[in-house]
Undergrad: 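Please read through the structure below; I'll follow up with questions.
Here the structure is a predicted model, which is why all the values come from computation and not from measurement. Each ligand, and each atom within it, is numbered from 1 in the order the structure gives. Heavy atoms only: backbone and side chains are in, while hydrogens, waters and symmetry mates are out.
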Amino acid sequence: MISTVSTKPYADQKPGTSGLRKKVPVFQQENYAENFIQAIFDSLEGFEGQTLVIGGDGRYYNREVIQKALKMAAANGFGKVMVGKGGILSTPAASHVIRKYHAFGGIVLSASHNPGGPTEDFGIKYNIGNGGPAPEKITDAIFARTKVIDSYKIADVADIDLDTVGSFDLAGMTVEVIDPVTDYADLMETLFDFPAIRSLISGGFRVVIDSMSAVTGPYAVEILEKRLGAPAGSVRNEVPLPDFGHHHPDPNLVHAKELYDDVMSADGPDFGAASDGDGDRNMVVGKGMFVTPSDSLAMIAANATCAPGYKNGIAGIARSMPTSAAADRVAEKLGIGMFETPTGWKFFGNLMDAGKVTVCGEESFGTGSDHVREKDGLWAVLFWLNIVAARKQSVKQIVESHWAEYGRNYYSRHDYEGVDTDNANALVTALRAKLDSLPGTKINGLTVTAADDFAYHDPIDHSVSKNQGIRILFEGGSRIVFRLSGTGTSGATLRLYVERYEPDASRHGIETQEALADLIAAAEEVAEIKRYTGMNEPTVIT
Ligand code: G16
């Protein structure tokens with residue numbers, strides 16, 4: 001019943017910031033998915049008889065790859081696979097299931113916020129036994145294996161029925177189809193003050209969540225409508241669709257604009273939130289106030305003790321390097337550790353496992369804590385609702401009082417998508433060559449205090465990750481950062497991150513792009529973005 005199938009390596013299976021992401025037709029090439037899955041198994045040791053978790057965000061090609069992965073797990077010797085009903089598991093829910101049931105690891109099928117459909121994106125990533133994304137040591141081993149792989153193992157059996165909860169036999173391995181929502185919803189109920197949020201909502205506070213036709217729909221309906229009593233219809237676009245209804249499931253001001261406009265309208269809801277394809281990203285909007293992801297991390301950390309799961313305080317905070325330093329000021333005030341890591345949730349795992357940090361966040365709409373080892377969209381939304389309920393203030397009041405106390409970190413990210421890869425690399429190379437000569441000089445009238453290419457020395461496993469983004473720091477705590485995205489699937493995406501610290505509360509009401517205008521001009525002057533990208537302006541500004 002077990003076949004060993006000959007195959008040839010593909011040269012392009014290097015995992016990016018979060019697993020392997022490619023267009024669906026790439027994954028549909030002969031043995032493409034099988035090669036990568038076998039390379040994952042070949043890079044692991046000691047899983048014989050152990051449990052594997054498998055789930056995905058429901059995007060196009062999800063079910064097909066789940067069937068392949070199930071049959072390959074059986075052929076490779078796993079004892080059991082837990083798979084979400086319908087092939088569904090949000091990324092944070094998969095992380096929780098791995099941890100709760102002491103699984104060996106998990107395979108999560110998602111291309112996150114990237115669009116889905118027959119010609120759109122698909123992805124495969126491996127999570128380790130702590131529930132978090134595989135660290136670089138493992139992803140490097142997987143890539144090395146993909147380059148030489150010559151066969152894979154698969155059980156020759158019929159497909160499993162993914163739509164019925166229960167236990168099934170697959171070539172001697174147990175497949176347990178689980179309800180994807182219950183364990184996760186139960187966990188949320190242990191962390192947050194559900195009675196307080198319920199009475200906030202029953203008192204007339206209107207909450208809407210846009211699930212963007214992606215994986216969080218069933219989770220949000222269960223939690224917000226069923227357990228917290230919000231009226232039916234409070235969760236919009238709640239049915240996960242293979243093509244996300246032709247939308248881009250990316251919760252930001254561009255792709256969740258309808259929700260944003262609704263919350264900002266005079267008679268609109270009091271609070272709006274959105275989540276991405278696989279449920280790990282979040283966007284939070286209060287009436288009259290969009291909360292930037294960097295600010296959200298700082299404010300969740302500052303108010304953490306409002307939530308029962310964090311009532312004893314937090315051990316420390318971590319953020320990715322391009323994320324604003326707003327959280328650093330909170331850590332300083334609380335007298336707790338602050339860690340700056342490269343972009344990618346995988347870098348937080350060691351710090352959380354070692355008990356050094358409790359909450360983590362990234363500018364890319366990701367926030368989370370050590371309750372799982374992934375960022376968690378609904379967790380962040382519930383945390384905000386808990387804070388609003390506990391403080392009895394609006395989101396706008398909470399944000400403005402935070403700025404008044406700590407100062408405001410004006411922050412924006414400019415993306416240049418679909419740039420020719422050679423041109424993008426040339427821009428980075430030219431910038432790198434200048435770095436040593438920049439300190440002490442002025443760019444657009446701003447004095448440079450330091451410039452480097454960020455390198456991270458992991459304090460726990462002592463691994464070193466170099467070339468993680470170019471930083472140019474200016475007098476007064478402002479900075480610009482340049483990096484190439486590791487999650488795109490066509491061409492290169494240049495990201496420019498711009499930040500200015502403003503301690504003076506009388507200057508906290510300036511429009512963000514205006515507050516950052518001189519830094520944005522400095523970025524153009526030093527990097528010649530227009531010339532290298534051939535674009536006059538960014539494709540996305542968040
Ligand atoms: C992934 C990673 C995040 C990272 C983000 C942006 O998010 O999990 O940790 O911040 O990519 O990466 P980049 O700037 O390289 O595109 P997701 O939500 O896509 O899994």
Undergrad: Are the side chain of R59 and the backbone N or O of N114 linked by a donor-acceptor pair below 3.5 Å?
TA: yes
Undergrad: Looking at OG of S211 and CD of E238, how far apart are the two atoms once the value is rounded to the nearest 0.5 Å?
TA: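 Answer for the OG-CD pair, S211 versus E238, is 7.5 Å.
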Undergrad: Return the protein residues near ligand 1 (heavy atom under 4.0 Å from any of its atoms), ordered by chain and residue number.
TA: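 Near ligand 1, by chain and number: T17, S18, R21, S112, H113, D276, D280, R281, T343, G344, W345, E362, S364, K375, R483, S485, G486, T487, R495.
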Undergrad: For the atom pair CE (M283) and CG (L259), what is the distance rounded to the nearest 0.5 Å?
TA: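 CG of L259 is found 5.0 Å from CE of M283.
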Undergrad: List the atom of G58, the atom of I88, and the distance in Å for their closest heavy-atom pair.
TA: CA-CD1, 3.6 Å
Undergrad: Could you check whether T539 and E417, counting side-chain N and O atoms only, form a donor-acceptor pair closer than 3.5 Å?
TA: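 Present: a donor and an acceptor within the cut-off.
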Undergrad: Please list, one pair per line, the donor and acceptor atoms closer than 3.5 Å that link side chains of residues 346-356 to other protein atoms, with sequence neighbours excluded.
TA:
| from | atom 1 | to | atom 2 | distance (Å) |
| --- | --- | --- | --- | --- |
| K346 | NZ | T17 | O | 3.4 |
| N350 | ND2 | D458 | OD2 | 2.9 |
| N350 | ND2 | D461 | OD2 | 3.0 |
| D353 | OD1 | R373 | NE | 2.7 |
| D353 | OD1 | R373 | NH2 | 3.0 |
| D353 | OD2 | N130 | ND2 | 2.7 |

